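Report on the structure given below.
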Amino acid sequence: MSEQRSPEGGRYEDDLAQALPEYAERVLDVAELIPAGRVMTYGDVAEWLEQGGPRQVGRVMALYGGAAPWWRVVRADGVLLPGHEQRALGHYRAEGTPLKEASRAAEGHLPRIDMRRARWDGGDRAEGHT
DNA sequence: AGCGTGACGAGTA
DNA sequence: ATACTCGCCACGC
């Protein structure tokens, strides 16, 4: 069976290409829930959704992250998003996100997020989930 | 269909 | 702290 038609008349593939994929919407929703001053890793978001993996979440953020607080979804090692370090840093300083200053041995290095303190598990709302 | 690539992550050396 | 390996999975060529 090919050439299946969607209710709107277009081919399903076309609809999927233009509408924000539901998965992407779910990812952005979670990003919106992260409190200021806290972060969630790509993997955490995927786990929380019980769907996809870190790389899928990363893909979504890369494509549609601009519409969400993208700086609150970070790598597990706390490294700032390459190419957006200054913007991210500005947000972290403004929100009071826990940072680990670069050691003087590594001079030119930017601070990294202190994941132990900044990581947010979904805390308050974890109850309603599972 | 195979293969490289990526806003990833964990493990090992 | 750095480097490299694997596992992961959606995409594009």
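The structure presented is a predicted model; accordingly, all values stated were derived computationally and were not measured. Chain letters run A, B, ... following the sequence lines, proteins first, then strands; residues in each count from 1.
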**OP:** Identify the heavy atoms of A:Pro54 and A:Ala46 that sit nearest to each other, and give their distance.
**Re:** N-CB, 3.9 Å
Subject >> Main-chain N/O of A:Trp71 paired with A:Tyr92 side-chain donor or acceptor, under 3.5 Å >> reply: yes
Subject >> Rounded distance in Å between the P positions of B:dA7 and C:dG7 >> reply: 22 Å
Original post:
Does anything in residues 29-41 of chain A pair up under salt bridge (Lys or Arg N to Asp or Glu O under 4.0 Å), and if so which pairs, sequence neighbours excluded?
Top reply: none
**OP:** List the atom of A:Val74, the atom of A:Met115, and the distance in Å for their closest heavy-atom pair.
**Re:** CG2-CE, 3.9 Å
**OP:** Write down the atom of A:Leu89, the atom of A:Pro111, and the distance for their closest heavy-atom approach.
**Re:** CD1-CG, 4.0 Å
Original post:
Where is the tightest heavy-atom contact between A:Pro21 and A:Tyr64, given as atom of each residue plus distance?
Top reply: CD-OH, 3.6 Å
Subject >> Residues that A:Arg59 engages under side-chain contact (heavy atoms from CB on, under 4.5 Å), provided they are two or more places apart >> reply: A:Leu63
Original post:
What are the bounds, 5' to 3', of the part of DNA chain B that sits under 4.0 Å from heavy atoms of chain A?
Top reply: B:dG6 to B:dA10
**OP:** Say whether, by atom type as modelled, one donor and one acceptor occur between the side chain of A:Arg72 and the main chain of A:Ile34 under 3.5 angstrom.
**Re:** yes
Check the interface with nucleotides 2-4 of chain C: list each N/O to N/O pair with the protein under 3.5 Å, or write none.
none

Original post:
Can you name the residues that form a side-chain contact (heavy atoms from CB on, under 4.5 Å) with A:Ala62, not counting sequence neighbours?
Top reply: none
**OP:** For A:Arg26, enumerate each residue passing the salt bridge (charged side-chain N to carboxylate O under 4.0 Å, His left out) test, keeping only those at least two apart in sequence or located in another chain.
**Re:** none
**OP:** Mind checking side-chain hydrogen bond (donor to acceptor under 3.5 Å, both in side chains) for A:Arg75 and listing every partner two or more places apart, or none if nothing turns up?
**Re:** A:Asp77
Subject >> Within-4.5 Å side-chain heavy-atom neighbours: A:Val73 and A:Thr41 >> reply: no
Original post:
What parts of residues 78-98 of chain A reach DNA chain B, counting only heavy atoms under 4.0 Å away?
Top reply: A:Leu81
Original post:
Looking at DNA chain C, which of residues 65-72 of chain A put a heavy atom within less than 4.0 Å of it?
Top reply: none
**OP:** With rounding to the nearest 0.5 Å, note down the distance linking CG in A:Leu28 to CE in A:Met61.
**Re:** 6.5 Å
**OP:** Could you note down all residue pairs passing side chain to side chain donor-acceptor pair (under 3.5 Å) where residues 79-88 of chain A supplies at least one of them, sequence neighbours left out?
**Re:** A:His84-A:Arg87
Subject >> Non-neighbouring partners of A:Glu101 that pass side-chain hydrogen bond (donor to acceptor under 3.5 Å, both in side chains), sequence neighbours left out >> reply: A:Arg93
Original post:
Which letters describe nucleotides 8-13 of chain C, given B = protein heavy atom under 4.0 Å from base, S = only from sugar-phosphate, - = neither?
Top reply: BBB---
